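Input: a single structure, listed below in structure tokens.
Labels below follow one simple rule: chain letters A, B, ... track the order of the sequence lines, proteins then strands, and each chain is numbered from 1. Treat the numbers as computed from the prediction; the structure is a model and nothing was measured. Atom set for the values below is all heavy atoms of this structure, side chains included, hydrogens, waters and symmetry mates excluded.
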Number of protein chains: 2
Amino acid sequence: MDPYKDLKALLTKNRASLTKPRQKVFDLLMGQSPQTMQVLVKRAEGKVDRATVYRTLELFERLGIVNRLNIGWKYKYELSDIFLEHHHHFYCSNCGKSYDLPANPMLETMVDSVAAKEGFSPRGHQLEIYGHCPNCR
Amino acid sequence: MDPYKDLKALLTKNRASLTKPRQKVFDLLMGQSPQTMQVLVKRAEGKVDRATVYRTLELFERLGIVNRLNIGWKYKYELSDIFLEHHHHFYCSNCGKSYDLPANPMLETMVDSVAAKEGFSPRGHQLEIYGHCPNCR
DNA sequence: ACCAAATTGCGACAAATTTGCAAAACAAAA
DNA sequence: TTTTGTTTTGCAAATTTGTCGCAATTTGGT
């Protein structure tokens, strides 16, 4: 129920602390669709310094707190599966909006097996589907 | 057989011309694995101006001539399925190399259906799997 | 409250990308 | 092939984006 609990646990486990700036960045991510670095930096303006936003997201990424995604040909950040349900993304190339697609166990399995069949050891993947959304058909 | 034919057709269809700089950039892409913008700019040095490389890739991307991929947390460009077999990418997070994975008809279908099931009209997708390659297990 | 360690903000930088504009290349038509 | 109007290019400057060192502040542990 309290998302800060998981966040704090993850940080302390890695000898890092839940500071105000980090909380602020986390809040910017909460309940939002994936955002670019520029947007995050701008939204943090006055509160958290640019360099700190960069450093925080790098840390969060390293600790698996956020995922860095390629959506609509731009990098965007979103909270990871620890805080959000696992899902994929659909990008509408007409209106530019991006949508969440529910995870599909069968698909996940098949993705892994495609890589395994070639001798690779998959740890994860990133899937973006693009085309038109229902509103833009 | 002649890749320039498709390229020229795509350009003229969009009231754009196949100029020398554009041909050069296209050649840099041909028969190569995905490359970063920086590499392309450097390889074009002396032949095509930096700004032109940027503008050309933006155009190519818009017309579906190239795909911009997210490989190992870097953007890379490669010719699209019109010029290359459709395939996926595997990124080894240990050695940093990236590999092509052959397309799998069953997987492709399933990806499309996942989106279609939610009311979207998929036109394509991008899949990057990451983990360890055979050499780095 | 005090101390040692971690973290931040603040420049200053370096690198990457964009932009305006005059010159050059181009396509179309005569 | 020459003209004409349009597109595209190169150049240089400006902007944006991302990085770095370091002193000042904050943090967690006593």
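Partner of A:Val25 under the side chain to side chain contact (heavy atoms under 4.5 Å, CB included) criterion, chosen from A:Thr56, A:Thr52, A:Leu40, A:Thr19: A:Thr56.
Applying the ring-ring contact (aromatic ring centres under 6.0 Å, His included) criterion to B:His88, with sequence neighbours excluded, gives B:His86, B:His125.
For A:Tyr77 and A:Phe60, the ring centers sit 6.0 Å or farther from each other.
When side chains are defined from C-beta on, B:Arg137 counts as touching A:Ser121, because their heavy atoms get closer than 4.5 Å.
The 5' end of DNA chain C is approached more closely, in terms of each residue's nearest nucleotide, by B:Gln38 than by the other of B:Lys20 and B:Gln38. When each of A:Arg55 and B:Pro21 is assigned the nucleotide of DNA chain C with its nearest heavy atom, A:Arg55 is the one assigned upstream, toward the 5' end.
Stem analysis of DNA chain C (at least three stacked-register Watson-Crick or G-U pairs, each with both distances under 3.5 Å) gives C:1-30 with D:1-30.
Formation of a donor-acceptor pair under 3.5 Å by the A:Tyr75 side chain with backbone atoms of B:Lys74 is found in this model.
Atom NZ in B:Lys24 sits roughly 16 Å away from atom C1' in D:dT9 (whole-Å rounding). Between B:Leu57 atom CG and D:dT8 atom C1' there is a gap of 15 Å when expressed in whole angstrom units. When the P atom of D:dT27 is taken as reference, atom CG of A:Asn14 falls 19 Å away, rounded to whole Å. Between the CZ atom of B:Arg15 and the C1' atom of D:dT8 there is a distance of 16 Å, rounded to whole Å.
When each of D:dT9, D:dT27, D:dG21 is scored by its nearest atom to the side-chain atoms of B:Arg22, the top-ranked nucleotide is D:dT9.
In the hydrophobic clustering, where aliphatic and aromatic side chains (Ile, Leu, Val, Met, Phe, Trp, Tyr) are joined below 4.5 Å either directly or transitively, B:Met106 groups with A:Phe90, A:Tyr99, A:Leu101, A:Met106, A:Leu107, A:Met110, A:Val111, A:Val114, A:Phe120, A:Leu127, A:Ile129, B:Phe90, B:Tyr99, B:Leu101, B:Leu107, B:Met110, B:Val111, B:Val114, B:Phe120, B:Leu127, B:Ile129.
The NZ atom of B:Lys97 sits 13.0 Å away from atom CD1 of B:Ile71, with the distance rounded to the nearest 0.5 Å. Atom NE2 of B:His89 is separated from atom CG of B:Asn67 by 9.0 Å, given to the nearest 0.5 angstrom. To the nearest 0.5 Å, atom NZ of residue B:Lys20 and atom CD of residue B:Gln23 are 8.5 Å apart.
Side-chain atoms of A:Gln35 and A:Arg43 include a donor-acceptor pair closer than 3.5 Å.
Pairs engaging residues 30-49 of chain A under the ring-ring contact (aromatic ring centres under 6.0 Å, His included) rule: none recorded [sequence neighbours left out].
Only B:Arg50, B:Ala51, listed by number, bring a heavy atom of residues 41-53 of chain B to less than 4.0 angstrom from any atom of DNA chain C.
Boundaries of the chain A contact region on DNA chain C are C:dT7 to C:dC10, first to last in 5' to 3' order (nucleotide atom under 4.0 Å from a heavy atom).
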